[in-house]
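Below: one structure, written as structure tokens.
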Amino acid sequence: MSSPTVSHGTQRLAILGSTGSIGGSTLDVVARHPDRFTVTALTAHRSIDRLYDQCLAFRPALVVVGEAADAARLEQKLRAAHLDTEVTYGADALCAVASSQECDTVVAAIVGAAGLPSSLAAARAGKKILLANKEALVMSGALFMRTVVEHGATLLPLDSEHNAIFQCLGTCLKSGAGVERLILTASGGPFLTRALDSLDEVTPDQACAHPNWVMGRKISVDSATMMNKALETIEAHWLFNMPAERIEVVIHPQSVIHSMVAYADQSVLAQLGNPDMRTPIAHALAYPERIDSGVAPLDLTRMANLSFAAPDLSRFPCLRLGLEVLRDGCAASVTLNAANEIAVEAFLQGQIRFTAIAQVVEEALHRLPPLAAHHQLEDIFAADAAARAMAQQIIRHLPAFGAQRVAVH
């Protein structure tokens, strides 16, 4: 990752996925600093009413939505409010926004594989990219990082864990000299101590009720299965050029220490803060300066206990699968991510049990070959499509709640 110089002008932002939790938190920080940031573009897939409210507040020149009908409805609402914001739609429009000369910084906050093309477009355009879409690196780590370097883009992580590591690395960021381990902390989600034999009965609402963080439903389920930490270990591998054996995951239920870096002299540096995504967002937006994030100060005197434990891979099989993919060289990471997206959506729709998410992912990994070395974007999308189709096939042979599992043929 290259480091930007201090900018004394107004930073022009395109926020991809503005109606999600990261997008909303970004706009909260931006609103506190109108002298530093201007919103030139916002995008959302379906949340038209929320996007309309954001347009009223921030008056972007351009918005992008997923479908033509939604674009027409939004345009009608904007014209009634006497706003001349241009409305476009579709994947090509999304990539055009990410690479537009009208923005300096792209906040990549679209959830899942859908965020990869626009994130890559921003990299090719040499933008400053604030990356919250971990799937982009999970799916295309080597290609993505090569594109960033070749086109002179700047990449700053928004995930709280990777942003914490970025801060802790300090002057060692480029060379990696003296860095022994990256330690990613994980809350363990809502089921850290729940009886294992009751996980079959977990409901979507229970899985989305994270004890510390307020997030969207997909990432909340990923936190409950700890697939999010599996994806984050792969992301850390690419972001910081760190081999698998030097990336560690530690359960830290309080979510106060967001991650750590261990050095050869046995110093361990940690980044602490309240569990609020506005902290890493503010850090990345203003880097290398510091600005107010709106987050409450951390009161150390109220912390009676900060605890740590090794993750139980029998409780969290999704984490086990992710670590196996990382240790095998990430060639199967596209399948890991795609099968998980399909399985999580099926769970949220009530089609499969919570415990079946890991089953679907593991079977897809067993049934599909990993990507060959030196793959290109079209290879990634082909592998993604194959994994989604395979996951759907596996799900069709799984029972809904209350039935016994049948074999997949």
#### Entry: Candidate pair Arg46 and Asp70, rule salt bridge (Lys or Arg N to Asp or Glu O under 4.0 Å), full reasoning
CA-CA 7 Å; Arg46 293 195 182 94; Asp70 287 333; 5.8 Å; no

Are more than 12 heavy atoms from other residues, nucleotides or ligands located less than 6.0 Å from atom [atom1] of [X]?
X      : atom1 : value
Glu67  : CD    : no
Tyr89  : OH    : no
Glu378 : CD    : yes
Asp53  : CG    : yes

[X] to [Y] - nearest heavy-atom pair and separation:
X      : Y      : result
Arg36  : Ala286 : NH2-CB, 4.0 Å
Arg388 : Ala338 : CG-CB, 3.9 Å
Met260 : Ile257 : CG-CG2, 3.7 Å
Asp265 : Ser267 : OD1-N, 2.9 Å
Ile291 : Ala282 : CG1-O, 3.9 Å
Val30  : Phe58  : CG1-CE2, 4.1 Å

### Query
Can you list the steps and then say if Val261 with Leu182 is a side-chain contact (heavy atoms from CB on, under 4.5 Å)?
CA-CA 5 Å; Val261 175; Leu182 306 182; 4.1 Å; yes

Using side-chain heavy atoms (C-beta onward) and a distance below 4.5 Å, is [X] in contact with [Y]?
X      : Y      : result
Asp384 : Leu116 : no
Tyr263 : Val268 : no
Cys208 : Val221 : yes
Pro117 : Phe381 : yes
Val250 : Leu184 : no
Arg194 : Leu199 : yes
Arg367 : Met390 : yes
Ile129 : Thr154 : no

So how far is it from [X] [atom1] to [Y] [atom2], rounded to the nearest 0.5 Å?
X      : Y      : atom1 : atom2 : result
Ser119 : Leu137 : OG    : CG    : 8.5 Å
Leu239 : Leu131 : CG    : CG    : 7.0 Å
Leu94  : Thr43  : CG    : OG1   : 5.0 Å
Leu398 : Ile352 : CG    : CD1   : 6.5 Å
Ile281 : Leu130 : CD1   : CG    : 8.5 Å
Met226 : Leu313 : CE    : CG    : 8.5 Å

Using only atom types and a distance under 3.5 Å, with no angle test, would you say the side chain of [X] pairs donor to acceptor with the backbone of [Y]?
X      : Y      : result
Arg353 : Val202 : no
Ser99  : Ala125 : no
Ser118 : Gly115 : yes
His33  : Asp292 : yes
Lys218 : Val111 : no
Arg50  : Thr19  : yes
His162 : Leu158 : no
Ser333 : Cys330 : yes
Thr185 : His258 : yes
Asn274 : Pro297 : yes

### Query
Is the Phe166-Phe240 ring centre distance short of 6.0 angstrom?
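Between Phe240 and Phe166, which both carry aromatic rings, the centre distance is not below 6.0 Å.
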
I'd like to know if [X] and [Y] make a salt bridge, using a cut-off of under 4.0 Å between side-chain N and carboxylate O.
X      : Y      : value
Lys229 : Glu235 : no
Asp28  : Arg278 : yes
Asp205 : Arg217 : yes
Glu362 : Arg320 : yes
Asp49  : Arg73  : yes
Asp104 : Lys128 : no

Can you see whether [X] engages [Y] through a side-chain donor-acceptor pair at a distance of less than 3.5 angstrom?
X      : Y      : answer
Gln11  : Thr105 : yes
His210 : Ser223 : yes
Gln266 : Glu180 : yes

### Task
Apply the test side chain to side chain donor-acceptor pair (under 3.5 Å) to residues Glu201 and Gln206: give CA-CA distance (whole Å), side-chain angles for both, the deciding distance (0.1 Å), then the verdict.
CA-CA 10 Å; Glu201 306 306 320; Gln206 290 171 335; over 6 Å; no

### Message
Let's go through Leu13 and Cys103 carefully: what are the C-alpha distance in whole Å and the side-chain angles of both, what is the deciding distance for side-chain contact (heavy atoms from CB on, under 4.5 Å) to 0.1 Å, and is it a yes or a no?
### Response
CA-CA 6 Å; Leu13 306 176; Cys103 73; over 6 Å; no

### Query
Angle class for the Tyr287/His283 ring planes (parallel below 30°, perpendicular above 60°, tilted otherwise)?
tilted

### Task
Using the test side-chain hydrogen bond (donor to acceptor under 3.5 Å, both in side chains), find all partners of Asn228 that sit at least two apart in sequence or belong to another chain.
none

### Query
Going through the checks in order, is the side-chain contact (heavy atoms from CB on, under 4.5 Å) test met by Thr85 and Leu62?
CA-CA 5 Å; Thr85 298; Leu62 176 68; 5.5 Å; no

### Task
Verify side-chain contact (heavy atoms from CB on, under 4.5 Å) between Leu336 and Met227, making sure each step is shown before the conclusion.
CA-CA 9 Å; Leu336 177 82; Met227 178 59 86; 3.8 Å; yes

### Task
Given side chain to side chain donor-acceptor pair (under 3.5 Å), test Gln254 with His252 step by step and report yes or no.
CA-CA 6 Å; Gln254 295 80 22; His252 170 52; 3.2 Å; yes

### Message
For a ring-ring contact (aromatic ring centres under 6.0 Å, His included) check, start with the C-alpha distance between Phe191 and Phe354, then their side-chain angles and the critical distance, and finish with the verdict.
### Response
CA-CA 11 Å; Phe191 308 133; Phe354 177 77; 5.3 Å; yes

### Query
Applying the side chain to side chain donor-acceptor pair (under 3.5 Å) test to Asn340, which of Thr335, Thr225, Asp222 qualifies?
Asp222

